[in-house]
Amino acid sequence: MAAPSDSGPSLVRLSISLPARLFRQLDAMVAERAVANRSAMIAELIRAELAAHSARERPETELAGTITLIYRADSWRVRHALAQTQQDATAEIISSQHVFLGDDRSLEVLVVKGPAQRLHALCDDFRKIRGLEQCRLVTAGATHPAEPA
């Protein structure tokens, strides 16, 4: 099947085969998220993966998003290392919010903006901190449209 051109149809039909279990999980996700239909859900999933792919392929792409951190709140060493890493990234970190969870754990959400390569490197810096339980970068895609050629 040929890819649609920019002047071609705005929608194209795609037929896919899935294992039965994956199909049931997709239908459950569509229902849980109250998405209009499977096509809309699959399009959403593809858009998210294409944004992630674009960030890997073009590391200079400016992205906006969040970094979510979960760690033991009672560990001074972890808190200090996180603060040091954040201090070194003031150009990328726009804001942060900290919440105490149960069991002496903390959740911190950092709103970030910057080149994809730098945001991924920042996550790698956080992951090096011993005692950090989770670190996840979620990006919303490019912060501005590409410059005309």
Side-chain angles (χ1 to χ4, degrees), residues 3-6 10-12 14 16 18-19 21-149:
S5 66
D6 288 339
S10 61
L11 290 175
V12 294
L14 170 69
I16 62 171
L18 298 173
R21 182 170 185 242
L22 187 58
F23 180 79
R24 288 190 302 275
Q25 290 173 322
L26 176 64
D27 273 352
M29 182 186 283
V30 168
E32 289 168 9
R33 293 188 181 182
V35 178
N37 53 47
R38 288 182 204 113
S39 292
M41 185 79 254
I42 291 170
E44 179 182 323
L45 295 169
I46 290 172
R47 275 192 293 277
E49 192 57 32
L50 286 173
H53 176 75
S54 177
R56 284 190 301 271
E57 295 298 310
R58 291 188 287 285
E60 72 284 352
T61 302
E62 286 280 321
L63 299 176
T66 60
I67 296 175
T68 302
L69 307 167
I70 297 179
Y71 56 93
R72 301 289 304 179
D74 58 357
S75 174
W76 178 87
R77 188 186 55 73
V78 172
R79 288 193 326 259
H80 179 72
L82 288 170
Q84 285 296 120
T85 302
Q86 289 178 38
Q87 187 175 2
D88 295 338
T90 56
E92 292 80 26
I93 299 174
I94 297 169
S95 69
S96 67
Q97 182 173 10
H98 177 268
V99 178
F100 288 106
L101 303 173
D103 301 329
D104 291 325
R105 294 170 60 224
S106 284
L107 173 120
E108 193 163 346
V109 178
L110 309 173
V111 177
V112 294
K113 180 180 172 185
Q117 182 176 22
R118 178 62 188 124
L119 298 184
H120 286 284
L122 179 57
C123 277
D124 290 342
D125 291 344
F126 283 125
R127 288 184 183 108
K128 292 174 188 172
I129 297 171
R130 188 169 170 210
L132 184 68
E133 294 177 13
Q134 288 184 32
C135 176
R136 181 165 182 173
L137 171 65
V138 176
T139 60
T143 60
H144 52 79
E147 296 294 322

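Below, each value reflects all heavy atoms present in this structure, side chains not excepted, and no hydrogens, waters or symmetry copies.
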Chemist: With sequence neighbours excluded, tell me which residues meet side chain to side chain donor-acceptor pair (under 3.5 Å) with R105.
Modeler: E133
Chemist: Starting at SG of C123, measure out to CG of L69 and round the result to the nearest 0.5 Å.
Modeler: 7.5 Å
Chemist: Going from CG on D124 to CG on L119, what distance comes out if it is rounded to the nearest 0.5 angstrom?
Modeler: 11.0 Å
Chemist: So which of T139, L63, L137, V138 actually passes side-chain contact (heavy atoms from CB on, under 4.5 Å) with V112?
Modeler: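 Per the side-chain contact (heavy atoms from CB on, under 4.5 Å) rule, the option paired with V112 is L137, out of T139, L63, L137, V138.
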Chemist: Mark yes when over 12 heavy atoms from residues, nucleotides or ligands other than R77 sit less than 6.0 Å from its CZ; otherwise mark no.
Modeler: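 Atom CZ in R77 is packed in, count exceeds 12.
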Chemist: Can you tell me how far apart CD1 (I93) and CD (Q87) are? Round to the nearest 0.5 Å.
Modeler: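 Answer for the CD1-CD pair, I93 versus Q87, is 10.5 Å.
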Chemist: Roughly how far, to the nearest 0.5 Å, is CD1 of I129 from CZ of R127?
Modeler: 11.5 Å
Chemist: Supply the atom-to-atom distance Y71 OH to L107 CG, rounded to the nearest 0.5 angstrom.
Modeler: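 Y71 OH to L107 CG: 8.5 Å, rounded to 0.5 Å.
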Chemist: Roughly how far, to the nearest 0.5 Å, is the CG atom of D125 from the NE2 atom of H120?
Modeler: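 Going from the NE2 atom of H120 to the CG atom of D125 covers 13.0 Å.
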Chemist: Grab the two heavy atoms, one from L132 and one from F126, that are nearest each other, plus how far apart they are.
Modeler: CD2-O, 3.2 Å
Chemist: Would you call the rings of W76 and H80 parallel, tilted or perpendicular, where under 30° means parallel and over 60° means perpendicular?
Modeler: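 Geometry flag for H80 against W76: parallel rings.
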Chemist: Is the shortest heavy-atom distance from the side chain of L14 to the side chain of I42 under 4.5 Å?
Modeler: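 They are not in contact (no side-chain heavy atoms under 4.5 Å apart), so the answer is no.
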Chemist: Indicate the atoms forming the closest heavy-atom contact of T85 with L122, along with that distance.
Modeler: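 Shortest heavy-atom contact: CG2-CD1, 3.9 Å.
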Chemist: Search all heavy atoms of G131 against all heavy atoms of V78 and return the closest pair with its distance.
Modeler: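 Smallest heavy-atom distance, with atoms named: CA-CG2, 3.9 Å.
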Chemist: Which pairs, with at least one residue in residues 23-35 and sequence neighbours excluded, count as a side-chain hydrogen bond (donor to acceptor under 3.5 Å, both in side chains)?
Modeler: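 Found D27-R38, R33-E44.
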Chemist: Contact between R72 and S106 at the side-chain level, heavy atoms closer than 4.5 Å - yes or no?
Modeler: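 Contact flag for R72/S106 side chains = no.
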Chemist: Quick check: do L82 and R79 have side-chain heavy atoms less than 4.5 Å from each other?
Modeler: no
